[in-house]
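Before any comments, here is the structure.
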Amino acid sequence: MPYDPHAIEARFQQRWRESRLFATSEKPGSPKFYCLEMFMYPSGKIHMGHVRNYAIGDVVARFHRMRGENVLHPMGFDAFGLPAENAAIKGQSHPKVWTDSNIATMKQQLDRLGLMYDWGREVHTCEPDYYRWNQWFFLKMLERGLAYKAKRTVNWCPGCATVLANEQVENGACWRCQSAVTLKEMEQWFLRITGYAQELLNDLDSLTEWPPEVVAMQRNWIGRSEGAYVEFAVEGAPHRIRVFTTRLDTIYGATYVVLAPEHPLVDAITAPDRRAEVDAFRTKMRAQSTHDRSTSKEKLGVFTGARAVNPFSGERVPIYIANFVLMDYGTGAIMSVPAHDQRDFEFAKAYGLPVRVVVQPGGLDEAALAQASTEDGLLVDSGPYTGLPNREAMAKMGADAKVRGFGEPTVTFRIKDWGISRQRYWGTPIPVVYCDACGTVPVPESQLPVELPYDAPLTGKGESPLARLPSFVQVPCPKCGAPGRRETDTMDTFVDSSWYFFRYCSAREESAAFDRGAAEYWTPVDFYIGGIEHATMHLIYCRFFTMALRDMGLIPFGEPVRRLMCQGMVIKDGAKMSKSLGNTVDPDAMIARYGADAVRLNILFLAPPWDQLDWKESGAEGAARFLNRVYALVEDNAAEVSGETAAPGSGEALALRRRTHQTVKRVTGELDQRLKINTAIAGLMELVNAQQAFLATYGRTPEERFALKESLEALVRLLSPFAPHAADALWELLGRDGFLADGPWPSYDPLIAREQTVTLPVQVNGKLRDQITVPADAPDETVLATAMASGVVQAHLAGKIPVKKFVVKGRIVNLVVKE
RNA sequence: GCCGGAGUGGCGGAGCUGGUAGACGCUGGGGACUUAAAAUCCCCUGGCCGCAAGGCCGCGUGGGUUCGAGUCCCACCUCCGGCACCA
């Protein structure tokens, strides 16, 4: 019977389901392995990127399970979010209906791939039994001061009609819809991720099994910067302007001060005759998108008419507002030292402000300065600090500022608090009530969940749909009972995904977000796979959440993920697969054509997991061909090898055994350490080639029959993580019972795997000239003698005696002669 | 601009801590089987010279270290990704 992937796949998927093969539970005392792939957004249908991500995860999960570890391998749905709401606005269907139907479709597609998921732990973040715990965490954070409400200038996406967190803005555009993001002043809920900035940074060093590029991206994102705060008094006014600088040593060279246009002191200090110009500038800036503001590098600003007093020198300098100073970094105000900062230099040149060198590296000519100098040197014109090396002066000046009460050394971070308010419907309601008498009142835990009402007017116009539902808004104050108003914004969906991996540990738990014992058994996640696009979004949020949960006493550690792998993109014809380009490949069609095992094998074989992968249909054909060959090979020889018992073997039989044991070693190593799944599969192909070659000289001696049996059995087991249906079917053909997922993983005998003879290249002066075959354990002298005995080698030596001889055991011989 | 990563046949990719460059697969060519085709199987498939044996050249470019470099060092080019007026 020829290999029929569809019949086999349907049959085994059913048998796995019926025997509840993939259900997992805690087994105290046995080693666990938590294998996780980033859960799915239920967008409609799965694409090749999903197939790749989940196929990789499945190989790892199955491998560890076969090795006898207790593997947790769950899947769920990141089910809140804008697309569902947008679909509803287009009149398609209710977000819940849309989401549920997409989940049903995608689950079916996943099952068709034969993925080893424990669906008993499935989570849907849009269900109250999940999001109530978002609300619960929010309340806990509120208690601990980790959640707070503030009026801030925030990123507004006109396309999505909602606020975005900093992490969700890419080059001034919305990460989801690419609209240009604008700034808007709004009251927002924030999570104090900055409170963990230092720890998030420190811990990066311990994430040795994360891709270094992700670690680097997070380090950049956190953006630690050491410097100092210094206060400049405003001349003739009671105000003080606090600036942040990393170059306190240059303060005697400060020739002006700049505030961000949105700085709260601008109004108060602006001179009457400058007001019109200042207001006009501020209006212009406000209208600009963040993107426009940062892409145009032109320095623009206006003088406020006020002057600031340099606390060190007492000098009076003009105060400007300018486009290059940002309200949300540092203090929103800077001292400008044009001689030693390029931006300050450009602004000074444009506005005719003085440039004064205060750090002299030697030979710097103030009058001829064409750009700012950032070199170290000795301070000049710097009062009592004149003559000091600038680095030394910086420390001294920081300490002095502190003593004198107008500044102090400090550290700032680029990372901002995480704004989680979203003016949309399809998300977790923020569990807060506003009361005229009591102010902002948290909803008591006993009243959770605050359920998302089913019907809400969805307009996509940028105000919270919930605000237009009196039945939702109007609620008695939980504290005093007087009429109150509910918060009508919902949470960023990245809150949902920040802790879902804990929920999987006890997904049906009703009395807590997760069962502590279960979480302590399973977490942290041992192996996590997902796209690198989450490097500074989900992957930083979930680290923050884990630290916060630890500080709440819910778990005993702060880092959620031991080993992280970012799978590469799947592209076709040199471009990312996307609907708009029309170059998508439908996984269902591929499965219908070649079978799930061939699709899995192909996508795994084409490139290392982390590399970009160029999808080629011809590869799927190759994979199907390989499975066909294996099937025929096993089927033809199943009867032949049944019942054979161990025989040591010699000659060809031993050679096959060696190949078998070498392959087990190689594939095990790849899956355990390097995860070069593509070369693991190549190893299996080589083994099949060797088996077929062996059959050409097969003489049916008992030892040959045993070697073949051993080899075929190992092959089928090794194949199981990659092509699980085919492998189980082959196992059955071999007359064996049970499912391969239950293991064991084959072991190898190093003595059998060891080569007895080796073929060594012989070089003369570094050029390959001949090959010799010697026993693997031959001493160097023997190897050398054999090499020298070669006629080809002798010819190249041309009668000369080698001046140097290199013998690298098992590798190479190189003979060096003088020309 | 700064920080990462990568440049190897017609293609995807192998090549572990420096040691036979091109494993494995795809494509292409030739052959077997077949009335024929598909499927399958066998052989060849980096370039150049040569009847052959064999030789020379080849891992983005140019240098260097080394008995020996795809791998290490220096400079440069190209591509991809991230951050980007961060004070």
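Convention: sequence-line order gives letters A, B, ...; per-chain numbering from 1.
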Are any of [X]'s side-chain N or O atoms less than 4.0 Å away from OP1 or OP2 of [N]?
| X | N | answer |
| --- | --- | --- |
| A:R811 | B:rG68 | no |
| A:R343 | B:rC86 | yes |
| A:S336 | B:rA87 | no |
| A:N689 | B:rG25 | yes |
| A:K676 | B:rA14 | yes |
| A:R414 | B:rA84 | yes |
| A:R625 | B:rG25 | no |

If I pick the [atom1] atom on [M] and the same atom on [N], what distance separates them, to the nearest angstrom?
| N | M | atom1 | answer |
| --- | --- | --- | --- |
| B:rG62 | B:rG58 | P | 9 Å |
| B:rU78 | B:rG68 | P | 32 Å |
| B:rC83 | B:rU66 | P | 43 Å |
| B:rC85 | B:rU20 | P | 49 Å |
| B:rG9 | B:rG82 | P | 27 Å |
| B:rG18 | B:rG12 | C1' | 27 Å |

Base, sugar-phosphate alone, or nothing: which one does [X] contact when heavy atoms must sit under 4.0 Å apart?
| X | result |
| --- | --- |
| A:R219 | nothing |
| A:D611 | nothing |
| A:Q763 | base |
| A:P212 | nothing |
| A:R769 | sugar-phosphate |
| A:V808 | base |
| A:Q612 | sugar-phosphate |
| A:T331 | nothing |
| A:H340 | nothing |

Any sub-3.5 Å donor-acceptor pair from [X]'s side-chain atoms to [Y]'s backbone N or O?
| X | Y | value |
| --- | --- | --- |
| A:R52 | A:G568 | yes |
| A:Q218 | A:A535 | yes |
| A:D597 | A:A726 | yes |
| A:N323 | A:E298 | yes |

With the side chain of [X] defined as its heavy atoms from C-beta on, choose the nearest nucleotide among [options].
| X | options | value |
| --- | --- | --- |
| A:M685 | B:rC3, B:rG25, B:rC67 | B:rG25 |
| A:Y329 | B:rG12, B:rA23, B:rA87 | B:rA87 |
| A:E213 | B:rA23, B:rG68, B:rG4 | B:rG4 |
| A:K767 | B:rC24, B:rC56, B:rU20 | B:rC56 |

Considering all heavy atoms, the nearest A:P354-A:T255 contact: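 Taking A:P354 first and A:T255 second, the nearest heavy atoms are O-OG1, 2.9 Å.
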Contact summary for A:P338 and A:V355, nearest pair of heavy atoms: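 Where A:P338 meets A:V355 most closely, the heavy atoms are CB-CG2, 4.0 Å.
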Aromatic centroids of A:Y256 and A:F347 separated by under 6.0 Å: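 Yes; A:Y256 has its ring centre under 6.0 Å from that of A:F347.
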Between [atom2] on [N] and [atom1] on [X], what's the gap in Å once rounded to a whole number?
| X | N | atom1 | atom2 | result |
| --- | --- | --- | --- | --- |
| A:I540 | B:rC83 | CD1 | C1' | 13 Å |
| A:F626 | B:rC26 | CZ | P | 11 Å |
| A:E621 | B:rC26 | CD | P | 9 Å |
| A:I677 | B:rC24 | CD1 | C1' | 16 Å |
| A:L601 | B:rC26 | CG | P | 12 Å |
| A:I571 | B:rG12 | CD1 | C1' | 11 Å |
| A:I334 | B:rC85 | CD1 | P | 13 Å |
| A:W610 | B:rG12 | CH2 | P | 18 Å |

Considering Watson-Crick and G-U wobble pairs with both distances under 3.5 Å, what does [N] pair with?
| N | value |
| --- | --- |
| B:rU40 | B:rA32 |
| B:rG7 | B:rC77 |
| B:rC2 | B:rG82 |
| B:rA69 | none |
| B:rC56 | B:rG47 |

Check: B:rC83 base within 3.5 Å donor-acceptor of A:N220 side chain: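 No, no donor-acceptor pair under 3.5 Å.
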Any donor-acceptor N/O pair under 3.5 Å between B:rC67 base and A:K805 side chain: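 Between B:rC67 and A:K805, which were checked side chain against base, a qualifying N/O pair under 3.5 Å is absent.
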Base of B:rC67 and ring of A:F806 stacked, centres under 5.5 Å, planes under 30°: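 Yes, A:F806 stacks on the base of B:rC67, since the ring centres sit under 5.5 Å apart and the planes are within 30°.
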Which residue lies more 5' along RNA chain B, comparing A:R629 with A:G619 via nearest heavy atoms: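 The residue closer to the strand's 5' end, by nearest nucleotide, is A:G619.
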Earlier contact from the 5' end, RNA chain B, for A:A623 and A:G223: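 It is A:A623 whose nearest nucleotide is closer to the 5' end.
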Chi angles and distances behind the side-chain hydrogen bond (donor to acceptor under 3.5 Å, both in side chains) call for A:E686, A:T663: CA-CA 9 Å; A:E686 286 178 49; A:T663 304; over 6 Å; no
A:D611 bridged to A:K676 by N-O distance under 4.0 Å: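 No, this pair does not count.
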Syn/anti state of B:rG5 by chi, 90° boundary around 0: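 That one's anti.
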